[in-house]
S.K.: 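My questions all concern the structure below.
Numbers for residues simply follow the sequence, beginning at 1. Just so you know, ligand 1 is whichever comes first in the structure, and atom 1 is the first atom listed for that ligand.
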Amino acid sequence: MSSTTPTAPARRLLIVGPPGAGKGTQAARIAEELAIPAISTGDIFRDNVSQETELGVLAKSYMDAGEYVPDSVTNDMVRSRLAEPDAAEGFLLDGYPRTLDQVEALDGMLAELGTPLDRVLLLEADTDTVVERLLARGRESGRSDDTAETIRHRQNVYAEQTAPLVEVYESRGILRRVDGMASIEDVTAALREALAP
Ligand code: AMP
């Protein structure tokens, strides 16, 4: 079905929310349902770190400190990923954009591709809960940026640099808020509803 069909769900999507809100889990579920790629900048960085590429070596120091990788690096990475054929009919960006400069860069990329953004999904969750979730994930998965100090710092970086994006997308009328504190199933159902035409 073509993405211009009026009854089709939105397919050019972003998911935003604080670290630990469940973006990765939900992005994978929604992307599978819509048969579009979930593009997680965090995952792409982690792949590069584990393969010890030049990009990975650069990204690792920022990630371990809970800081954002510089915009120029991140924007170039996303530009080439969005140009891949599997993203032509839709995509779900997870963890990008995270700064106002990245919003502007993404606007430029999408203008070049002739594909406007359909919807921005904001996964809301309270800080105490997400911190608990990330501490548990750190214990279970050993993710190197899930330590108490880095988790706290990442929440602050989100509040300072990423939370302002909400207003930008809200003013464009494409933001939808979803409660990320419910069960995984219920959150997916709410996101599905938020994507209805
Ligand atoms: P995530 O898996 O989305 O929590 O990302 C893990 C880490 O990767 C972040 O703390 C940043 O260091 C880096 N990262 C991921 N996405 C971005 C982005 N859009 N801009 C800058 N850094 C990012």
S.K.: Provide the number and element of each atom of ligand 1 under 4.0 Å from a heavy atom of R46.
M.R.: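 Heavy-atom distances to R46 below 4.0 Å select 2 (O), 6 (C).
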
S.K.: With only distance considered, is E67 within less than 3.5 Å of ligand 1 through an N or O on each side?
M.R.: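 It does: an N or O of E67 is found under 3.5 Å from an N or O of ligand 1.
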
S.K.: Show the atoms of ligand 1 that are less than 4.0 angstrom away from any heavy atom in T74.
M.R.: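 It comes down to these atoms of ligand 1: 18 (C), 19 (N), 20 (N), 21 (C).
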
S.K.: Is the number of heavy atoms from other residues, nucleotides or ligands within 6.0 Å of CD (E124) greater than 12?
M.R.: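 Correct, the count exceeds 12.
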
S.K.: For E84, look at atom CD and say whether over 12 heavy atoms of other residues, nucleotides or ligands are found less than 6.0 Å away.
M.R.: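 More than 12 within 6.0 Å, yes.
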
S.K.: Does a side-chain N-to-carboxylate-O contact under 4.0 Å join R133 and D146?
M.R.: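 Result for this pair is no, no salt bridge flagged.
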
S.K.: Would you say Y68 and T162 are linked by a side-chain donor-acceptor pair, where the criterion is simply a distance under 3.5 Å?
M.R.: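 Their side chains do contain a donor-acceptor pair, which is all the 3.5 Å distance test asks for.
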
S.K.: What's the spacing between S61 OG and E67 CD if we round to 0.5 Å?
M.R.: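 The distance works out to 10.0 Å.
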
S.K.: When you compare ligand 1 with D43, is there at least one nitrogen or oxygen pair between them that comes in under 3.5 angstrom?
M.R.: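 Not met; the criterion fails.
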
S.K.: Say whether L100 and V120 are linked into one hydrophobic cluster, either directly or through other cluster members, by side-chain heavy-atom distances under 4.5 angstrom.
M.R.: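 They do share one cluster, since a chain of ILVMFWY contacts under 4.5 Å joins L100 to V120.
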
S.K.: Decide whether an N or O pair under 3.5 Å exists between G66 and ligand 1.
M.R.: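 In this structure, G66 places no N or O atom under 3.5 Å from an N or O of ligand 1.
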
S.K.: Tell me which protein heavy atom sits closest to atom 8 (O) of ligand 1, plus the residue, atom name and distance to 0.1 Å.
M.R.: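 The protein heavy atom lying closest is M63 CE, 3.5 Å.
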
S.K.: Measuring from atom 5 (O) of ligand 1, which candidate in M77, K23, R98, R154 has the nearest non-hydrogen atom?
M.R.: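 It is R98 that holds the nearest heavy atom.
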
S.K.: Taking it one step at a time, do D145 and T150 satisfy side-chain hydrogen bond (donor to acceptor under 3.5 Å, both in side chains)?
M.R.: CA-CA 6 Å; D145 57 350; T150 311; over 6 Å; no

S.K.: Around atom 23 (C) of ligand 1, find the nearest protein heavy atom and jot down its residue, atom name and distance.
M.R.: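 Result: F45 CE1, 3.7 Å.
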
S.K.: Does ligand 1 have any atom sitting under 4.0 Å from a heavy atom of R143?
M.R.: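 Yes, R143 has a heavy atom closer than 4.0 Å to ligand 1.
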
S.K.: Looking at CG of L191 and CG of L123, how far apart are the two atoms once the value is rounded to the nearest 0.5 Å?
M.R.: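 Result: 6.0 Å between the selected atoms.
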
S.K.: Nearest protein heavy atom to atom 19 (N) of ligand 1, by residue and atom, and its distance?
M.R.: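 In this structure, atom 19 (N) of ligand 1 has G95 O, 2.8 Å as its nearest protein heavy atom.
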
S.K.: What atoms of ligand 1 come closer than 4.0 angstrom to any heavy atom of Y96?
M.R.: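 Answer for ligand 1: 19 (N).
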
S.K.: Is Q102 in polar range of ligand 1, meaning some N or O pair under 3.5 Å apart?
M.R.: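 In this structure, Q102 places an N or O atom under 3.5 Å from an N or O of ligand 1.
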
S.K.: Would you say P97 has any N or O atom under 3.5 Å from an N or O of ligand 1, going by distance alone?
M.R.: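 No; every N/O pair is 3.5 Å or more apart.
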
S.K.: Taking atom types as modelled, find out whether D71 and T74 have a side-chain donor-acceptor pair closer than 3.5 angstrom.
M.R.: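 Judged by distance alone, the side chains do not pair up.
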
S.K.: At what distance, to the nearest 0.5 angstrom, does CG of D179 lie from CZ of R177?
M.R.: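 Taking CG in D179 and CZ in R177, the distance rounds to 12.0 Å.
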
S.K.: Should T41 be counted as touching ligand 1, given the test is an N or O pair under 3.5 Å?
M.R.: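 By distance alone, the answer is yes.
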
S.K.: Can you tell me the protein heavy atom closest to atom 22 (N) of ligand 1 and the distance?
M.R.: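 Atom 22 (N) of ligand 1 sits closest to the protein heavy atom V69 N, 3.1 Å.
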
